[in-house]
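Single-structure report; data block below.
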Amino acid sequence: MSKGLFITGTGTDIGKTYVTALLIKSLRRKGYDVGYYKAAISGAPSVGASDAGYVNKTAHIGEDEDLLLSYLYDHAVSPHLAARWEKRPVEKEVILQDWQRVTAAYPYVTVEGSGGIICPIRDDEKAFFQLEDIVRWLKLPSLIVSPAGLGAINDAVLTAFYMKEKGLPVQGFIINHYTGSPMEQDNLRMIEKLSGKPILAVVADNDEVLDADADAIIRLYQ
Ligand SMILES: Nc1ncnc2c1ncn2[C@@H]1O[C@H](COP(=O)(O)OP(=O)(O)OP(=O)(O)O)[C@@H](O)[C@H]1O
Ligand SMILES: [Mg+2]
């Protein structure tokens with residue numbers, strides 16, 4: 001039975017892909033056969049140039065591109081809007097089928113979300129669902145990637161509270177763009193105190209390894 005972990009973030013462009021690549025790279029170095037999957041990517045011209053291609057290369061997964069994601073959209077807007085414009089709605093059956101394929105290939109699969117946790121994936125006359133529904137279909141626990149700086153307390157704690165309200169299990173945070181300044185150190189303390197969730201690792205700009213215990217991180221996959 002394969003295990004999975006969902007990587008969400010406090011917003012778009014906050015480093016989910018960067019952190020996910022580091023995480024998978026570090027786990028693979030320790031001998032864990034960890035794969036990657038993203039249901040929908042918007043704003044990329046090809047798989048190779050997308051989040052999936054970046055992680056595949058950086059984390060040395062070496063997988064066929066078509067196993068890494070289900071939907072690729074050209075327009076850099078929320079997947080539900082890109083899908084409408086490009087007339088290619090996300091189908092639940094396709095996601096579940098692709099999930100079967102990737103979990104058959106890897107004992108551990110890291111799933112990157114699109115945007116933050118509130119992200120509509122499909123909104124048309126036939127169906128409505130959001131990213132959090134995909135997390136539920138795949139029965140995944142989550143990690144939240146959050147920047148370290150000013151505004152992080154609000155964004156990180158709101159994301160954790162929203163997920164708690166929606167019954168989505170959160171394993172903790174990975175803090176990105178960490179410089180270790182006194183304010184950031186206090187942000188980390190406050191995020192843990194107010195959310196009740198642990199900070200599992202911090203990532204500085206241009207880090208090439210994840211400074212965390214791989215055996216502890218792998219136990220977050222369920
Ligand atoms: N720790 C870091 N060091 C250097 N560059 C970083 C770091 N974190 C993020 N970046 C850069 O910031 C940009 C946005 O990061 P990234 O693509 O990982 O965000 P994201 O949350 O995955 O975005 P999306 O919502 O589009 O999936 C990228 O150019 C990435 O290389
Ligand atoms: Mg990304």
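Start at 1 and go down the list; that is how both ligands and their atoms are numbered. The model shown is predicted, which means the values in this text are computed figures rather than measured ones.
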- Item | Atoms of ligand 1, numbered as shown, that sit under 4.0 Å from any heavy atom of T12 | 24 (P), 25 (O), 26 (O)

- Query: By number and element, which atoms of ligand 1 are closer than 4.0 Å to a non-hydrogen atom of G15?
  - Reply: 9 (C), 15 (O), 16 (P), 18 (O), 19 (O), 20 (P), 21 (O)

- How long is the span from the CG atom in D51 to the CG atom in L69, to the nearest 0.5 Å? 9.0 Å

- Message: Can you confirm, on distance only, whether ligand 1 has an N/O atom lying under 3.5 Å from any N/O atom belonging to G113?
- Response: no

- Task: Verify whether one side chain among Y18 and D207 offers a donor that lies under 3.5 Å from an acceptor in the other.
- Result: no

- Item | Atom indices of ligand 1, in the order listed, that fall short of 4.0 Å to a heavy atom of N176 | 1 (N), 2 (C), 7 (C), 8 (N), 9 (C)

- Query: Do any protein N, O or S atoms sit under 2.8 Å from the Mg ion (ligand 2), and which ones are they?
  - Reply: T17 OG1, D51 OD2, E112 OE2

- Message: Donor-acceptor pair, distance only, cut-off 3.5 Å: does the side chain of S42 make one with the backbone of V77?
- Response: yes

- Task: Indicate yes or no for a side-chain donor-acceptor contact from K3 to the backbone of I218 under 3.5 Å, with no hydrogens or angles considered.
- Result: no

- Query: In the protein, what heavy atom is nearest to atom 3 (N) of ligand 1, and what distance, to one decimal place, separates them?
  - Reply: N206 N, 2.8 Å

- Message: Looking only at protein heavy atoms, which one is nearest to atom 24 (P) of ligand 1, and what is the separation?
- Response: K16 NZ, 3.5 Å

- Query: Which heavy atom of the protein is the closest neighbour of atom 2 (C) of ligand 1, given with residue, atom name and distance?
  - Reply: Y18 CE2, 3.4 Å

- Task: Do me a favour and list the nearest non-hydrogen protein atom to atom 14 (C) of ligand 1 with residue, atom name and distance?
- Result: D13 OD1, 3.5 Å

- So is K38 close enough to ligand 1, meaning a heavy atom under 4.0 angstrom away? yes

- Message: Determine whether any protein heavy atom is located less than 4.0 Å from atom 9 (C) of ligand 1.
- Response: yes

- Query: What distance do F128 atom CZ and D123 atom CG have between them, rounded to the nearest 0.5 Å?
  - Reply: 6.0 Å

- Could you list which atoms of ligand 1 come closer than 4.0 Å to a heavy atom of D205? 1 (N), 2 (C), 3 (N)

- Item | Y54: ring pair (Phe, Tyr, Trp, His ring centres under 6.0 Å) partners, not counting sequence neighbours | none

- Task: May I ask whether D207 has any heavy atom positioned less than 4.0 angstrom from an atom of ligand 1?
- Result: no

- Message: Test your reading of the model: is there a side-chain donor-acceptor pair from K197 to the backbone of V170, 3.5 Å cut-off?
- Response: yes

- Item | Proximal atoms of ligand 1 relative to V203 (non-hydrogen, under 4.0 Å) | 1 (N)

- Query: Counting N and O atoms only, with roles assigned by atom type, does the side chain of Q222 sit under 3.5 Å from a partner on the main chain of P141, one being a donor and the other an acceptor?
  - Reply: no

- Item | atom 12 (O) of ligand 1 touched by protein (heavy atom, under 4.0 Å) | no

- Say whether, by atom type as modelled, one donor and one acceptor occur between the side chain of T58 and the main chain of V55 under 3.5 angstrom. no

- Nearest 0.5 Å, what's the OG1-CD distance between T17 and E112? 3.0 Å

- Query: Any protein heavy atom under 4.0 Å from atom 29 (O) of ligand 1?
  - Reply: no

- Message: Within ligand 1, which atoms have a heavy atom of A204 less than 4.0 Å away?
- Response: 1 (N)

- Donor on one side chain, acceptor on other, Y37 and S70, under 3.5 Å: yes

- Taking only heavy atoms of E112 into account, list the atoms of ligand 1 that are under 4.0 Å away from them. 22 (O), 27 (O)

- Message: Could you measure the distance from the CZ atom of F6 to the CD1 atom of I117? Nearest 0.5 Å is fine.
- Response: 5.0 Å

- Give the single entry among L22, T10, D51 that approaches atom 27 (O) of ligand 1 most closely by any heavy atom. D51

- Nearest heavy-atom pair of Y73 and R88: which atoms, and what distance? OH-O, 2.5 Å

- Message: Test of understanding: clusters of I, L, V, M, F, W, Y form through side-chain heavy atoms closer than 4.5 Å, transitively. Do L5 and L138 belong to the same one?
- Response: yes

- Picking from K38, E91, R122, what satisfies side chain to side chain contact (heavy atoms under 4.5 Å, CB included) with Y71? E91

